[in-house]
Amino acid sequence: MPELPEVETIARALRQGGRGGPPLVGRHIQRASLLWPRTLAEPAPAELGARICGQAVVDVGRRGKFILFQLDPDTLLIHLRMSGDLVVEAQSDPVAPHHRLTLDLEGGLRLAFNDPRKFGRAWLVRDPLRILAGLGPEPLDADFTAQELYRRLQSTRRQLKPLLLDQTFIAGLGNIYTDEALHKAGLHPMQAANRVSQPQAERLWESIRAVLLDGIQRQGASIDWVYRGGDFQNYFRVYQRTGLPCPVCGTAVERVVIGQRGTHFCPVCQACPEGE
DNA sequence: CACGAGACCTGTTCGC
DNA sequence: TGCGAACAGGTCTCGT
């Protein structure tokens, strides 16, 4: 489920209400339940309750694909990985089978980290930068310019697809939005980064921002049984559209595997680079 | 440095 | 219908 637009949508809803839930900011945490120990990366499970109880939610934000609950004085970071979700429900609701961590809040509310595949992780730390330090630039920030992207592309020969998925290169892109951005930019997913021209880099910069902003505007993409809410899946250009016509030229969309990830592209619009 | 494979997990869908 | 294989929005680690 969770790439930058989905994570942003969830963070906004938790901060200001939305998706049917009330805002969390200002509420104190009264109780913590860890139902799958490995979900908590830090601190040791035995320390969680005593440390988090009594802290208030000061703000809810996002960095890359991390959701940040700014407490006082700690920060709770949550990464949803493949199948995680955050839901606000009543404490009187039954605890769903895939809830891995729940926090009881003032007002009879429960914040639940639901994660069928158990890949998601939570960190309760004093300094969030310790966890976030390695992340690349935020693609929607003002200081992430086309020039900056071009400069970073020049520094490596890696293929574009795995490079854009690398969170240290740029934060927040996942399999969906990478395929969508490369198609919009007309770049082949196997193209070597340092062979992208400056005009191509500018087009890629514009495309990355456009697909992310579209995704946020649509409140993310809902696929299969995970995640619900957004409708960006109805506007996919290539992702999971193997064999269907490219929206630009009508050629059948192809699927290949690059870096162990399914990759969708138009063989005509995204011209095959020399030697592939 | 760059790449591939395997691990971590469960649920759904596809092919026979 | 049943059953195993393939596949899924992500990242980490290890070997070459």
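So that the names make sense, note that chain A is the first sequence line, chain B the second, and so on, each numbered from 1.
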[N] OP1/OP2 closer than 4.0 Å to side-chain N/O of [X]:
X        : N      : answer
A:Arg261 : C:dG10 : yes
A:His98  : B:dT10 : no
A:Gln167 : C:dT11 : yes
A:Lys118 : B:dC8  : no
A:Arg117 : C:dT11 : no
A:Arg81  : B:dC9  : no
A:Thr156 : B:dA2  : yes
A:Arg158 : B:dC3  : yes
A:Lys65  : C:dG10 : yes

What contact category does A:Arg38 fall into here, base, sugar-phosphate, or nothing, at under 4.0 angstrom with non-hydrogen atoms?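 Sugar-phosphate, no base atom in range.
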
Counting any heavy atom closer than 4.0 Å, what does A:Tyr239 reach on the DNA or RNA strands: base, sugar-phosphate only, or nothing?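 The answer is sugar-phosphate, as A:Tyr239 gets under 4.0 Å only of primed atoms, P, OP1 or OP2.
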
In whole angstrom, give me the gap between the P atoms of C:dA6 and B:dA5.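 Taking atom P in both C:dA6 and B:dA5, they lie 14 Å apart.
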
Please report the distance separating the P of B:dC14 from the corresponding atom of C:dG9, rounded so that it comes out in whole Å.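 The answer is 15 Å between these two P atoms.
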
Contact between [X] and [Y] at the side-chain level, heavy atoms closer than 4.5 Å - yes or no?
X        : Y        : result
A:Phe144 : A:Trp205 : yes
A:Thr178 : A:Ile176 : no
A:Arg63  : A:Leu135 : yes

Under 4.0 Å between a side-chain nitrogen and a carboxylate oxygen: does that hold for A:Arg203 and A:Glu206?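 No.
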
Residues A:Glu42 and A:Arg130 bridged, charged N to O under 4.0 Å: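 Judged by the 4.0 Å cut-off on N to carboxylate O distance, A:Glu42 and A:Arg130 do form a salt bridge.
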
How close or far is atom C1' of B:dA2 from atom CD1 of A:Ile258, stated in whole angstroms?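 Checked: the CD1 to C1' distance equals 15 Å.
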
Whole-Å distance between B:dT12 P and A:Gln240 CD?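 These atoms are roughly 16 Å apart.
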
Could you say whether the aromatic ring of A:Phe119 and the base of B:dC8 stack, counting only centre distances under 5.5 Å and plane angles under 30°?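 Taking the rule of under 5.5 Å and under 30°, the ring of A:Phe119 does stack on B:dC8.
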
Side-chain donor/acceptor of A:Gln260 to base of B:dA5, under 3.5 Å: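 Such a pair exists between side chain and base.
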
